Amino acid sequence: MFDTVTSARALMGLSLAFHIIFATIGIGLPLLLLIAEGIALRSGDETYLRMAKRWGRVAAVLFAVGAVSGTILSFEFGLLWPTWIEFSGGIIGFPFALEGFAFFTEAIFLALYIYGWDRLSPKAHWLCTIPLVVSSAASAFFVISANAWMNQPAGFEVINGKAVNVDPIAAMFNSAMPYQVTHGTLASYVATGFAVAGVYAIAMLRGDRSDYNKKALVLGLAVAAVFTPLQIVSGDLSGRFLAHHQPEKFAAMEGQFETEKGAPLRIGGFPDPEDKTTRYAIEVPKLGSFLAFEDFNAEVRGLNSFPQDDIPDARLVHPFFQVMVGIAFFMLFVVVWFFGLAWWRKRIDPGRLLLLAVAVTVPLGFVAIEAGWFVTEFGRQPWIIYHLMRTADGSTPREGIAWVLMVFALVYVALAAGLALLLLREQRRPLEPRAQVGEGHGVA
Amino acid sequence: MSLENLAAGVVLLGLIAYAMFGGADFGGGVWTALAWGPRATQQREAIFRAMGPVWETNHVWLILVVVTLFTAFPSAFADLFTALLVPLLIALVGIVFRGAAFAFRHFGSSGEAGLPATGIVFSVASIITPMTMGMALGAVAGGHITIENGVVTSGLYEPWLRPFSVICGLIAVTMCGFLTAYYMATRSTGQLLEDFRKRGLAASLVLGALTTIAIPIAYWDADPFWDRLLEPAPLAVMGAAVVMGLASLVVLWQRWYVLAPPVAAGTVALVIAGWGAVQYPYLILPNERISDVAAGHATLGAFLIALPIGAVILIPSLVLLYATFSEKTGGPGVEGEGYGY
Ligand code: HDD
Ligand code: HEM
Ligand code: HEM
């Protein structure tokens, strides 16, 4: 059976990996609702209104799962990591408290949006999407700033093992915050845009090339096309920040064992901590150094140069990093192909191969997000607070956490199965009968 | 008033709000389980319809309590969650299944009669969750969580599997059902109103009985609670709770329905405030004082400044939400109305 720390880590990772899927949709979907209903209101095109109604229905149930899975997380801080939260709570509790307000705003306006079709004027109904977009982005900002603090702790001093002279604002605005928050929030728009587009690409592949499917596909891809390049630029900035401020993580990402001048960029390959090499990688000479320090001959520190008890496991970090970056470039390729072709032909009529490529992106955004978080979290190990508290020291003194892990693994299986069943049923549901814009917007 | 006490007051207010709003949603599950008579299906449908737009918002009060606790009282939060690992886990599983079952049922709802599987999960989870939460609060107030030099020494079960905690759990479940019946009576018309009125009267009588039984149990099983209960301030708040409880009985008896929600909410608020008054100045009786376990002043200050700023956004939004979705539901024929799908 797993020991307490191993179980706690596995359960925390499982819970976060589950939650982030719903959180991502909770951040991305409001933007799509804002755009779709906005177009419907301006142009009177009922196709977009049907889109917004459909998405709103799905959003309702996904948000509910997001809320319960988030509740699991906030309890787990105490149930699994009491020593960590005892130290950190007074420092990074502040952003979590602010996040509480963001959740309230989100829950309130989501309810008004979903249940308010008949009760609010069309304009008021559409206006509800604005607080939704703002508050969901704000909740991403607050949580990720807390996570960034775990990577770059700031805003306190340690005296006799206790945090004193705490400055919660400085803690929130730690040096990793701008990079992680930007990259982590943009990711939601990228992933949701592709996921929505992909769903309609699948419908079109099945032969339904209706106006509705085409418009929904273009809307999703347009959002993705705006955010994917930004995502790549911000990822590059994140990487450069790590090269300076978390060099162990950077070395693990790159599979860099030896300290090296003019380090290559390794694509693929398997890091082997026994032999301390990364095998079978395609090496692009000097590019690693350039990407990290903007200098082809700069020195990149390797994992060997750190105390060996203090380094993350490159066997995890390097492959997940490769997955994220690989997906990013595939996504870029898809949007360039799609909109390039449309521009060239002056009409939107994607072929089967292109539709297939878009369809493949339905899960890819989420895979990239999970992979990116695994880079961040595994790359921070063995620290729960970088260079300050070890993960093993942050956990609960209670025995038997392996049981808790098993119970929650079952809970997640049950939730996922129930949700899958429900969404499959929804997919087979016929669309709403043709409606005029404003109808179902009924009374004011 | 010191920053520490203000922050503890926020925790207490958060708990009261969670009980007043979220509690009624748990009560919805209680009455879903206990729905009987010729209008059982209608009762369930009316409850579902009332909860739909608001339950997620009501749930956020719990999040607010949790984050306030770990922000303002990090070491007490760590100790509470270590000491009460088991009941909090059970409550958590209950929260998860209740929320998911409700959302799934609602999303997939095609107006089927009877009690489908999601309905059963929803009811069972709605009873287990307030029960274990009440037991956890009872354990805190009963003085059975032992902490030595900042290390929790009590076992996994003994602080909460005991008479005083059990009675607190039962009171919590009853309060939930009590609130729902009162709120639903005001929202209903016709026969449905009569149903909820009867349920409200029954619940208030049970609540009265349970709180009365709790007094000798406290004497026998919860020394620190008993000692503090007889001091003037706690006694005054508890006395007010009793008066409010009796008033709520009269209100339903006399059919003064507009008054039903405020008196019911007031009763619950006073019971919890009474619990808070007994606890003061301790966060965990009898070991941890509020002032010993509070975070630094910079943190408390930032938190207490952010609070009213957040409230400026929050309160009008809440008013808008409840105002938009407060209408009466009557007999049959209104199924699906207002759901806009
Ligand atoms: C749609 C998803 C997605 C895509 C396409 C990318 N990323 Fe990413 N990445 C994330 C989603 C993500 C993330 C899940 O959102 C992470 C986890 C933590 C965070 O803040 O963002 C992340 C973390 C993350 C980190 C670690 C940050 C840290 O630990 O502080 C780096 C260095 C990069 N990314 C770099 C890149 C690069 C160079 C990319 C493209 C070329 C890229 N990411 C594409
Ligand atoms: C939502 C996306 C996230 C995912 C997928 C994720 C994933 C993980 C994984 C896999 C672990 C286990 C790592 C290990 O022990 O080897 C972990 C640990 C942890 N994460 Fe995250 N994480 C995410 C975001 C966050 C955020 C936003 C926070 C806090 C603000 C956070 C706090 C923690 C804590 C406290 C641990 C336990 C200590 C540790 O293992 O270092 N995580 N996470
Ligand atoms: C990067 C990681 C995270 C992001 C981007 C994120 C974002 C979100 C968003 C947008 C929601 C709204 C509900 C939904 O859309 O389904 C949500 C819900 C929630 N999250 Fe997270 N979250 C993250 C990690 C965490 C962590 C580490 C915690 C632990 C305290 C947490 C606690 C919660 C809670 C309690 C809710 C429910 C709020 C409610 O009741 O409505 N989240 N999260």
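All values below come from the heavy atoms of this structure, side chains included, with hydrogens, waters and symmetry mates left out. Since this is a predicted model, take the numbers as computed values, not measurements. Residue numbering restarts at 1 for every chain, and letters A, B, ... go by the order of the sequence lines.
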For B:L92, the option from A:L79, A:V68, A:V411 that meets side chain to side chain contact (heavy atoms under 4.5 Å, CB included)
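Of the listed residues A:L79, A:V68, A:V411, the side chain to side chain contact (heavy atoms under 4.5 Å, CB included) partner of B:L92 is A:L79.
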Closest non-hydrogen atom pair, A:G89 against B:P74
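Minimum heavy-atom separation between A:G89 and B:P74: CA-CB, 4.1 Å.
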Can you tell me which portion of [X] sits under 4.5 Å from chain B's heavy atoms? Options are side chain, backbone, both or neither.
| X | value |
| --- | --- |
| A:I92 | neither |
| A:L98 | side chain |
| A:V65 | side chain |
| A:P82 | both |
| A:A414 | side chain |
| A:F63 | both |
| A:P131 | neither |

Counting heavy-atom pairs under 4.5 Å with chain A, which one of [options] comes out on top?
| options | answer |
| --- | --- |
| B:A298, B:A100, B:A295 | B:A298 |
| B:L89, B:I309, B:T68, B:L62 | B:L89 |
| B:L84, B:L307, B:V54 | B:L307 |

Applying side chain to side chain contact (heavy atoms under 4.5 Å, CB included) to A:L80 and B:F81, what does each step give before you reach the verdict?
CA-CA 9 Å; A:L80 303 178; B:F81 274 66; over 6 Å; no
[X], part contacting chain A, at a heavy-atom distance under 4.5 Å:
| X | answer |
| --- | --- |
| B:F73 | neither |
| B:V152 | side chain |
| B:L300 | neither |
| B:A311 | backbone |
| B:L80 | neither |
| B:F77 | side chain |
| B:W61 | both |
| B:I63 | side chain |
| B:V96 | both |
| B:S75 | both |

Measure the spacing between [atom1] of [X] and [atom2] of [Y] and express it to the nearest 0.5 Å.
| X | Y | atom1 | atom2 | value |
| --- | --- | --- | --- | --- |
| A:L419 | B:F104 | CG | CZ | 4.5 Å |
| B:E56 | A:L110 | CD | CG | 6.5 Å |
| A:F104 | B:S317 | CZ | OG | 10.5 Å |
| A:E86 | B:D79 | CD | CG | 6.0 Å |
| A:E99 | B:L64 | CD | CG | 11.5 Å |
| A:L415 | B:F97 | CG | CZ | 6.0 Å |

Greatest number of heavy atom pairs closer than 4.5 Å to chain B - which of [options]:
| options | value |
| --- | --- |
| A:F87, A:F75, A:F103, A:W81 | A:F75 |
| A:S74, A:A171, A:G100 | A:S74 |
| A:W84, A:F408, A:F94, A:F77 | A:F94 |

Any A:I91 side-chain heavy atom under 4.5 Å of B:T299 side chain:
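Contact flag for A:I91/B:T299 side chains = no.
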pair B:L321-A:Y115: side-chain heavy atoms closer than 4.5 Å
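When only atoms from C-beta onward are counted, A:Y115 and B:L321 do not touch, as no gap falls below 4.5 Å.
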Begin from the C-alpha positions of B:L320 and A:I108 and carry the test side chain to side chain contact (heavy atoms under 4.5 Å, CB included) through to its verdict.
CA-CA 9 Å; B:L320 179 64; A:I108 291 169; 5.9 Å; no
Donor-acceptor check, side chain of A:R398 to backbone of B:T82, threshold 3.5 angstrom: yes or no?
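At least one qualifying donor-acceptor pair exists.
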Using ring centroids (six-membered ring only for Trp), state whether A:F96 and B:F70 fall under 6.0 Å.
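Yes, close enough.
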Does the pair A:F101 and B:I313 meet the rule for a side chain to side chain contact (heavy atoms under 4.5 Å, CB included), with working shown?
CA-CA 9 Å; A:F101 284 108; B:I313 303 173; over 6 Å; no
Counting neighbours of OH on B:Y322 that are heavy atoms of other residues, nucleotides or ligands and sit closer than 6.0 Å, is the number greater than 12?
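Yes.
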